[in-house]
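Scroll down for the structure; my scribbles are underneath it.
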Amino acid sequence: MQPRGPFTGRLGYACLNTVLRGQKPPVFCSRNVRIKTIEEKGMDYVRDLARANVADLIPMIEWSAANNIHFLRLSSEIFPFASHLQYGWDISFLQAELKAAGDVAKRLGVRLTMHPGQFCQLGAKSSTVLEASLREFEHHCKTLDLMEMGPDSIMILHGGGTYGDQAATLERIENTITTRLSASARARLVLENDELSYSAEELLPLCEKLSVPLVFDWHHDALRPSSLTPTELMPRILAIFHKRGIRPKFHLSEPRAGAMTLRARRAHSDRCGQLPLELPSDADLMLECKDKEQGVLHMYRIYKLFEPDVASLRPEADDATTRTSGRRTKLDGSGGSSTSPRKKAGPTAKEQERSLIARTIAKAKEVAARTGRPYTGPPDEEDLARLRQAELSSRDVLLDMRKRADAVRADLKAGRPRTSTAAEDLDEAGALAEEPE
DNA sequence: ACGTGTCAAGTGTTA
DNA sequence: TAACACTTGACACGT
């Protein structure tokens, strides 16, 4: 199905290895703590957690290399509260352990990157937020420095908020980058287009001016498109990486099947199924999907890049819906939930079901009127199952997103205002347009 | 052991 | 206005 050429680059996953996490004892690098516990147990407890997190870096890197994965993102939770104003602490006492992990990564050829959280606002107006952002960013940098990682170990940030004035905020970001970052932090900084505030095109002028590479994210680009297509943007994106001597890096995620609203489409699916056509064949691509390393192995199989070790494979969830944050609520409303179930992620399963039935009936009536055939009543279970399948297919969502992104691009090129990329209805979702038997 | 509510931090969008 | 989406799930407590 894919017309793209062979992919020779590296696929990576972020922060957590679900296979190792499930082992006994578990291997993971994101042990965390609450403030209350810090106050009860003291900082030594936090440092012990951090030591355990660092110790698990090595098996995670080794497992990855053994499974042909040479690209990882380190979790920001590896050092809980390290940059906190009140409960912060110095990671230097772990220098030897960090260097050991870095040595393993370099020996096995595993690229390590980091991605500080949304709290890092280089364009913040508030000095409190800006100082916290700088502490956090420099802390991430110190982690990679202590591991003695090379220039490919970059740190990704988004533009962040716009504070109602994108141009003014971009100036503040520039000022922060040029006057507030350490040399090492600036050397590792890269920016990434996001899906709400800064498209690739809106970041590129700053990136080009300061020689800060841009990590291009296809999913974000679909939700906040530039006037230029990814193909048109690609030479500019690659030029900065090449100028800096940093291996290009990209991000890929996909919306969950059935996602129609903007909110739902922002969320990430369990796995990815399509390599972007514009992806350079030798690029590093970070997969941001819920199934982590399984997403990479999944892609290895789809594109026949590697034959994964059977022992490393886990089956794909069969009950994934538009619900996110690890929720696995089925369409019929049953199913477990690993996080707070009373909080809604989009419409509830019952609401989705009601809506689906209503639209289906309306469509059937319309078809009946158009074709002269009698309307035979509401859909039965079999109809619904078929419609769910067609309507909620991830492929349909991707195609719809691409189509809407193209429309936004056309608007931007024509100087018209930016419009929404969200789907308002399901009329174009494949099987719904089919006529009943 | 398991289920569930909550957790350091920011911003924008939506129901 | 509160919930939720994002780069990332785990802690902590109650049953």
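Chain letters run A, B, ... following the sequence lines, proteins first and then strands; every chain starts at 1.
Salt bridge annotation for A:R409-A:D406: present, with a cationic side-chain nitrogen under 4.0 angstrom from a carboxylate oxygen. Comment: A:E138 does not engage A:R186 in a salt bridge, judged by the lack of any side-chain N to carboxylate O separation of less than 4.0 angstrom. Under a 4.0 Å N-O distance rule, the pair A:K142/A:D145 does not qualify as a salt bridge. Under the 4.0 Å criterion applied to side-chain N and carboxylate O atoms, A:R73 and A:E293 are not assigned as salt-bridge partners. Looking at A:D411 and A:R418, no side-chain N of the basic residue comes within less than 4.0 Å of a carboxylate O on the acidic one, giving no salt bridge. Comment: A:R265 engages A:D400 in a salt bridge, judged by a side-chain N to carboxylate O separation of less than 4.0 angstrom.
With P as the reference atom, B:dA8 and C:dC13 are 12 Å apart, rounded to whole Å. Nucleotides C:dA5 and B:dG3, compared at atom C1', are 24 Å apart to the nearest Å. The same atom, P, is picked in C:dT8 and in B:dC2; the two are 27 Å apart, to the nearest Å. With C1' as the reference atom, B:dT4 and C:dC6 are 23 Å apart, rounded to whole Å.
Across all strands, A:I156 comes closer than 4.0 Å to no nucleic acid atom at all (heavy-atom distances). No engagement by A:G160 is indicated, since no non-hydrogen atom pair under 4.0 Å with the nucleic acid exists. A:E288 comes within contact range of the sugar-phosphate backbone alone, with a heavy-atom separation under 4.0 Å but no base atom that close. Residue contacts for A:K125: at a heavy-atom cut-off of 4.0 Å it reaches no nucleic acid atom on any strand shown. Using a 4.0 Å heavy-atom cutoff across all strands shown, A:I35 reaches sugar-phosphate atoms only and no base atom. As judged by a 4.0 angstrom heavy-atom cut-off over every strand, A:F28 is placed among residues touching the sugar-phosphate backbone only. Counting any heavy atom pair closer than 4.0 Å across all strands shown, A:Q121 reaches sugar-phosphate atoms only and no base atom.
Taking only side-chain nitrogens and oxygens, A:K290 never comes nearer than 4.0 Å to OP1 or OP2 of C:dT8. OP1 or OP2 of C:dA10 lies within a sub-4.0 Å distance of a side-chain N or O belonging to A:S30. Listed pair A:T162 / B:dG12 meets the phosphate criterion, a side-chain N or O lying under 4.0 Å from OP1 or OP2. When the side-chain nitrogen and oxygen atoms of A:R21 are compared with OP1 and OP2 of C:dA10, one or more of them lie within a distance under 4.0 Å.
Looking at A:R34, its side chain comes within 3.5 Å of the base of C:dA10 through a donor and an acceptor atom.
In this structure, a donor-acceptor pair under 3.5 Å is absent between the side chains of A:K292 and A:T18. A donor atom on one side chain and an acceptor atom on the other are not found under 3.5 Å apart for A:T162 and A:Y198.
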Name every donor-acceptor pair, under 3.5 Å, that has one atom in a side chain of residues 148-160 of chain A and the other anywhere in the protein, sequence neighbours excluded.
| from | atom 1 | to | atom 2 | distance (Å) |
| --- | --- | --- | --- | --- |
| A:D152 | OD1 | A:R247 | N | 2.9 |
| A:S153 | OG | A:L112 | O | 2.7 |
| A:H158 | ND1 | A:E192 | O | 3.3 |

Please write out the pairs of protein N or O atoms and N or O atoms of nucleotides 13-15 of chain C separated by less than 3.5 Å, giving the distance to one decimal.
| from | atom 1 | to | atom 2 | distance (Å) |
| --- | --- | --- | --- | --- |
| C:dC13 | OP1 | A:K36 | NZ | 3.1 |

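To the nearest 0.5 Å, atoms SG (A:C29) and CZ (A:F79) are separated by 9.5 Å.
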task = Might you work through the salt bridge (Lys or Arg N to Asp or Glu O under 4.0 Å) test for A:E131 and A:R180, ending with a clear yes or no?
result = CA-CA 10 Å; A:E131 295 306 319; A:R180 299 299 310 275; 3.1 Å; yes

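A ring-centre distance under 6.0 Å is not found for A:H115 and A:H140. Taking the six-membered ring for Trp and the full ring otherwise, A:W218 and A:F250 have centroids separated by under 6.0 Å. Side-chain rings of A:H251 and A:F216 stay apart, their centers remaining 6.0 Å or farther from each other.
For the pair A:E293 CD and C:dG9 P, the interatomic distance rounds to 10 Å; values are reported in whole Å. Taking atom CG on A:L170 and atom P on B:dT11, their separation rounds to 15 Å, with Å as the unit. Taking atom CD of residue A:E254 and atom P of nucleotide C:dC6, one finds them 14 Å apart after rounding to whole Å. One interatomic measurement links the two molecules: CZ of A:R172 to P of B:dT11, which rounds to 10 Å at whole-angstrom precision. In this structure, CZ of A:R135 is placed 14 Å from C1' of B:dG10, rounded to the nearest angstrom. Atom CG in A:L134 sits about 14 Å away from atom C1' in B:dG10, given to the nearest Å. One interatomic measurement links the two molecules: CZ of A:F81 to P of C:dG9, which rounds to 18 Å at whole-angstrom precision. A straight line from CZ of A:R418 to P of B:dT13 spans 11 Å, rounded to a whole angstrom.
Under the stacking definition used here (centres under 5.5 Å, planes under 30°), the residue A:F119 fails to qualify as stacked on the base of B:dG10.
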note = Per-residue pairing states of DNA chain B in dot-bracket (Watson-Crick or G-U under 3.5 Å; . unpaired, | other strand) read |||||||..||||||

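Checking A:R271, A:H268, A:H298 one by one against A:D291, the side chain to side chain donor-acceptor pair (under 3.5 Å) holds for a single residue, A:R271.
Nearer the 5' end of DNA chain C, as judged by each residue's closest nucleotide, is the contact made by A:H158, out of A:H158 and A:R31.
Not counting sequence neighbours, A:D48 has no partner by the salt bridge (Lys or Arg N to Asp or Glu O under 4.0 Å) test.
Listed in residue order, the members of residues 45-71 of chain A having a heavy atom less than 4.0 Å from DNA chain C come to none. Contacts between residues 188-221 of chain A and DNA chain C, counted as heavy-atom distances below 4.0 Å, involve A:E195, A:H220.
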